Amino acid sequence: MDHHHTANPSHAATPTCWTVVVPGPFFGGFTYHFDLDAGPAPGVRVRVPFGQSERVAVVIEPASAEGEQETRPILEVLDEAPLLDDRTLACLRWAAAYYHHPLGEVVFAALPKALRGERRLEVEALVSTPAGRAALEVGEAKGERQREALSRLVASAGPAPVAKLGPAAVRRRLVEKGWAEPTRMTAPAEWSVPVEPGSEAAPALNAEQQGAVDAIVSAGEGFRAWLLHGVTGSGKTEVYLALIERELAAGRQVLVVVPEISLTPQLIDRFARRLSVRPAVLHSGLADGERLAAWRAVAAGTAGLVIGTRSAAFVPLARPGLIVVDEEHDAALKQQEGFLYHARDVLVWRARQLAIPILLGSATPSLESLRHAWDGRYGHLRLTERASGATMPAIHCLDVRGQTMVAGLSPALLRAIERHLLAGGQVMLYLNRRGYAPSLVCHACGFVAGCPHCDAFLTWHRQIGRLRCHHCGFEQGVPADCPSCQAPLSVRGMGTEQLEDVLAARFPGFGIVRLDRDATAGKGVMADSLARIARGEARLVVGTQMLVKGHDFPGVTLVGVVNADQALFASDFRGPERFAQSLLQVAGRAGRAERPGEVLVQTHDPEHPVLRRLLSEDYEAVMAAQLVEREQAELPPTRFAGLIRADAPQADAARGFLAGIADQLRERFGDELAVWGPVPAPLARRAGRYRFQLLLLAQVRSTLHRALWAVDDSVGSRRLGGRLRWSIDVDPIDLA
DNA sequence: AGCACGCCGACT
DNA sequence: GTCGGCGTGCTC
Ligand SMILES: [Zn+2]
Ligand SMILES: [Zn+2]
């Protein structure tokens, strides 16, 4: 904090060499030298010459000076203290290796945007002089405001930021009188306490909740992973709160990670009401400055509680005590672009490294976590009762075979909707397909409106009068009639827009709200819609996946799942798992104590084993059966999977690239490694590119990684033809 | 990733 | 004759 690292040749000592990383596709680091004896350290940003230009880099570790290659100099040290501590750096190095992603990309992804450039964490400051301290002591400072500023400056025992020392005019007098000198300092990472402490009393925990808390507490400090499997409404959050309170009281930090930004406000509210802390929040909705302040407060340890989305998984923790991952089954915890990490898995690794407990909560845990719990590697905590006393809604199948459907709704479902509306209940219809209709077809010649860039149909968005591709963003006007035979076009299939129209016409006067990406795009629309539902102004709710996430609708007494088959027969091997999770999550939104809910599931296959097991047994039974199937099919989580994707403007380029890799791996690894493919990706042509993939499955994690390193090596040293793009996905969440 | 160098089409 | 297209190669 006291020396600046500008050139000072008289001070030149042993040149030190440092390995640094820059963002970009570089698997190794780069070595630079620095001629002063102090300055760079692991986790510090530096400015370095790079090719013809300059870059900001992050120092990783000292390097041996005698490289075979000439080094270039570090031009400037940008931080006085490391931004990333050694343990966080170690985690980032592990993650880069585990996910086969360049370390520079990983390190920079872990920094808040505001720190990815050259911006220094410095502010203007004043520091008191001996004359100033004497002046204060003898009461020489006459002016009220000068005396106040000076005493505050002296009290700070070092430099203080100008922002804390009153107006500029007052500060200038202090300098003019020789009582203070201008300087610069690292802005302190401050985090205020709430104006009014949380006042809400904790409700008494029920026996199961208390049992969960006791189990974790009595396990003591040190690493242990816990799966908290609590049905919707069982009060998982109260368990989190009880544990968070303990940790904060003990002076340790708690990191809470949720899959969706939309889940943060409710959680923040709840925490703020109950705990006398101001949670630091880390998500992409924040301005860069806000996010920087929160990030620094966490890293410095001034903020005790952090709530964040996926990227918060890498925030440095100064005094870690507990990690909580809520909705741990949610696929949104896995990044889907670029650095393909899974926040839950990274956090389990971090918890082990930091030697602290980690709590994974869900009403519908992932098969991965359930398996760890069944095998005893994770503690298994179950909350089976709804804390409110409400019963879980009853789930029934509606066999729609041979039924006359109206807008995708069977007569039985329509009758049920009417019955619940007349009884004063709210009705929620879940249809995971936005738009008016998923396709426009010509019954005369068989034409279907398709995307020119993808193997996909165009969805008709009637409100905006456009046909849209949901995979590449292509859109066009709606043709008046069939482009190939001029016959009139008709709609096929059902989207939320159409469902909303049909229901509004059929049940007028009940008020209807649609919740999907299109309907809630505007700022504040989502909150508005939720409020309309909460006030009971809207008695009908139509929506997609969005209904499944987080928000509770206690007035809802009927949930209709319009098309279960869509998920039940999805081609992905996780289809049945996803289906069970979505169904229970959407069911859990409904009902409260005095009005038990009802869930009706429309399907063409009421005998489907997943469906039957879900109705007659429970979630764990479904998942246990899934595990048997995965074992037989030699799929995750009983095997370790890596997916290599490639795409190119010509199909042969992508397929050939993967075929070459497949041959090499089969030859080298034989029976140790199953190599599936190359096969066309589920959406084989997307945005004008042909997509193929190669799935690798190994019984032993290290085999998978050896194979993936072999791929890195052989591709890295080979000339890649033209516009071929490829990537590695470790632990792929879906094969799409 | 960015940024240079390098070798072929249509512009002043 | 040049301006600029993006193929190819490199960055300590
Ligand atoms: Zn036609
Ligand atoms: Zn498309």
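We name chains A, B, ... by the order of the sequence lines, and we start the count at 1 in each one. All figures in this text were calculated on a predicted structure; none of them were measured in a lab.
The separation between A/Trp726 atom CH2 and B/dA1 atom P is 12 Å, rounded to whole Å. Rounded to a whole Å, the CZ atom of A/Phe26 is 9 Å from the P atom of B/dA1. As a whole-Å value, the separation of A/Leu75 CG from C/dC12 P is 11 Å. Across the protein-nucleic acid pair, A/Arg47 atom CZ and C/dC12 atom C1' stand 17 Å apart, rounded to whole Å. The nearest whole Å value for the distance from the CZ atom in A/Phe339 to the C1' atom in B/dA1 is 17 Å. Rounded to whole Å, atom C1' of C/dT11 lies 14 Å from atom CD of A/Glu54.
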Polar-atom pairs under 3.5 Å, protein N or O versus N or O of nucleotides 2-6 of chain B: list them with distances, or write none.
none

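Every salt bridge (Lys or Arg N to Asp or Glu O under 4.0 Å) that A/Glu190 has, sequence neighbours left out, goes to A/Lys164. For A/Glu124, there are no salt bridge (Lys or Arg N to Asp or Glu O under 4.0 Å) partners at least two apart in sequence or on another chain. Not counting sequence neighbours, A/Glu105 has no partner by the salt bridge (Lys or Arg N to Asp or Glu O under 4.0 Å) test. By the ring pair (Phe, Tyr, Trp, His ring centres under 6.0 Å) test, A/Phe339 is found to be paired with A/His101, A/Phe314, A/Tyr341, residues two or more places apart in sequence or in another chain being considered. Legend: residues meeting side-chain hydrogen bond (donor to acceptor under 3.5 Å, both in side chains) with A/Arg93, ordered by chain and number and at least two apart, are A/Glu61.
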Please set out all donor-acceptor pairs under 3.5 angstrom arising from side-chain atoms of residues 652-660 of chain A, sequence neighbours excluded.
residue: A/Asp652; atom: OD1; partner: A/Arg655; partner atom: NH1; Å: 2.8

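Here A/Pro102 lies out of heavy-atom contact (under 4.0 Å) with every strand. Residue contacts for A/Pro25: at a heavy-atom cut-off of 4.0 Å it reaches a base atom on one of the strands shown.
Residues of residues 647-656 of chain A that place a heavy atom closer than 4.0 Å to DNA chain B do not occur.
Taken to the nearest 0.5 Å, the CG atom of A/Leu673 stands 9.0 Å off from the CZ atom of A/Arg706.
Pairs of residues two or more places apart, or lying in two chains, that qualify as salt bridge (Lys or Arg N to Asp or Glu O under 4.0 Å) and include a residue from residues 341-350 of chain A are A/Glu328-A/Arg344.
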